Amino acid sequence: MDNTRNFASESGSRSEPALKSGFVTIIGRPNVGKSTLMNRIIGQKIAITSNKPQTTRNRIQTVYTETDRGQIVFLDTPGIHKAKNKLGEYMVNTAEHTLQDVDVILWLVEPSDFVGAGERHIAEILQKARTPVILVINKIDTLAQKEDLLHFIDTYRKIYAFDEIIPASALRGENVSDVIDMIFKYLPYGPMFYDEDTVTDQPQRQIVAEIVREKALHALDEEVPHGIAVTIERMKPRRGKPLMDIEAVIICERESHKGIIIGKNGAMLKKIGSNARFEIEKLLEEKVNLRLWVKVRKNWRDSDTMLKNFGYKETD
Ligand SMILES: Nc1nc2c(ncn2[C@@H]2O[C@H](COP(=O)(O)OP(=O)(O)OP(=O)(O)O)[C@@H](O)[C@H]2O)c(=O)[nH]1
Ligand SMILES: [Mg+2]
């Protein structure tokens, strides 16, 4: 051990401003904009988003670092809803599990005075937590009358004693810096958990699979999107060429869904594939040859084995 160097770095750190760092979970009903907000703060699209509820299925960790203020580790979670199958139960458990051992809870809601069973359930779980809770009333860009906000704030105040309430628009970036400021206000002092370059815990393969699932979610309607999973069977650089070969399988629950996903003369699958390829190429910064297959796995959302195979398994 080099004592001289040790001493030098210790005295050096004393003169620097104290850093804060900690974990923040983003929770709320499906579709309120949790993933959109996280992506906006990170400045990169890590979590997929869509206008269909229950888009996020796993806990997605991302890291936001400011050299002078510190580090926020975000946990984006599946929307809390009434589960109708084992996949749903897994999703809700995953979300609720993150409430333990975090430093700050960000609860996202839509700008409305409707407080449903979902909100009451979340408020009930939060009563047990002693963690600071920040309510973000998202999507304020959709408000016709800004004055309504005061009324919504009042409604939410009645169901929980929030530490802070911030109206924001994740999509437009409105008040998002206030959200970051408030998180730092409640974070404990401490060294960073990850180095400055860390962005996410999601493996590249997983992000690629999610991009394919997102494009399927965007292209499909009705009940089909909810029964879809995507697996990457192969992802390999082509020898001697700047090209990545990717083979992915879209899993669905019924033969009739398979027909819809493939579409007339394969048109739907082609659309999903080319939209996904475009985005994967941006992510990997290289050309991609993407081949998609569609398979039927009946009731996979209620099969423990298949859930595990498709990546929905408890992590902790
Ligand atoms: N107008 C408007 N739309 C938004 C805003 N934030 C998110 N959205 C839209 O709301 C929809 C849902 O966004 P997501 O980020 O996928 O929502 P989520 O809460 O992560 O949803 P789940 O993963 O299903 O729980 C998408 O169509 C977003 O573009 C916002 O501030 N304003
Ligand atoms: Mg989401």
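In listed order, ligands and their atoms are each counted from 1. What's counted below: heavy atoms across the whole structure, side chains too, no hydrogens, waters or symmetry copies. Fair warning: this is a prediction, and the values are worked out from it, not measured in the lab.
For the pair Arg172 and ligand 1, the shortest N or O to N or O distance does not fall below 3.5 Å. Some N or O of Gly33 is nearer than 3.5 Å to an N or O of ligand 1, by distance alone. Considering backbone and side-chain atoms alike, Ser169 places an N or O below 3.5 Å from some N or O of ligand 1. Here's the thing with Ile48: none of its N/O atoms is less than 3.5 angstrom from an N/O atom of ligand 1. An N or O contact shorter than 3.5 Å is missing between Asp76 and ligand 1 by distance. Considering backbone and side-chain N/O of Ile140, none are found under 3.5 Å from N/O of ligand 1.
Per-residue contacts place Thr49 under 4.0 angstrom from the following atoms of ligand 1 (heavy atoms of the residue considered): 15 (O), 16 (O). Less than 4.0 angstrom separates some heavy atom of Thr142 from each of these atoms of ligand 1: 1 (N). Those atoms of ligand 1 that come under 4.0 Å of a heavy atom in Asn138, given as number and element, are 5 (C), 6 (N), 31 (O). Of all atoms in ligand 1, numbered sequentially from 1 with element shown, those under 4.0 Å from a heavy atom of Ser50 are 11 (C), 12 (C), 13 (O), 16 (O), 26 (C), 27 (O). Ligand 1 places these atoms under 4.0 Å from at least one heavy atom of Gly79: 25 (O). Close approach of ligand 1 to Pro53 (heavy-atom distance below 4.0 Å) involves ligand atoms 24 (O). The contact set between ligand 1 and Val32, taken as ligand atoms under 4.0 Å from a residue heavy atom, comprises 17 (O), 19 (O).
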The test is side chain to side chain donor-acceptor pair (under 3.5 Å); show your working for Glu233 and Thr231 and say whether it passes.
CA-CA 6 Å; Glu233 303 296 305; Thr231 59; 2.8 Å; yes

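Note on Glu210 versus Lys215: no salt bridge recorded, every NZ/NE/NH1/NH2 to OD/OE distance being 4.0 Å or above.
For Tyr186, the ring pair (Phe, Tyr, Trp, His ring centres under 6.0 Å) test picks out no residue, with sequence neighbours left out. Residues meeting the salt bridge (charged side-chain N to carboxylate O under 4.0 Å, His left out) test with Asp113, sequence neighbours left out: none.
Looking at Asn289, its side chain never comes within 3.5 Å of a backbone N or O of Asp245 through a donor-acceptor pair. Distance alone, capped at 3.5 Å, is enough to place a donor-acceptor pair between the Asp103 side chain and the Phe23 backbone. Judged by distance alone, the side chain of Lys34 and the main-chain N or O of Trp107 form no donor-acceptor pair under 3.5 Å.
Among Met91, Lys34, Lys139, the residue whose heavy atom lies closest to atom 9 (C) of ligand 1 is Lys139.
Cation-pi check for Lys20 over Phe184 is not met; the charged atom does not lie both under 6.0 angstrom from the ring centroid and within 45 degrees of its normal.
Panel detail: the Mg ion (ligand 2) has protein N, O or S atoms under 2.8 Å away, 2 in number.
With a 4.5 Å cut-off between side-chain heavy atoms of Ile, Leu, Val, Met, Phe, Trp and Tyr, the cluster of Leu217 takes in Ile48.
Hydrophobic clustering of Ile, Leu, Val, Met, Phe, Trp and Tyr side chains at less than 4.5 Å, counting indirect connections, unites Met38 with Ile72.
When heavy-atom distances to ligand 1 are checked against a 4.0 Å cut-off, Asp141 comes that close only through its side chain, counted from C-beta outward.
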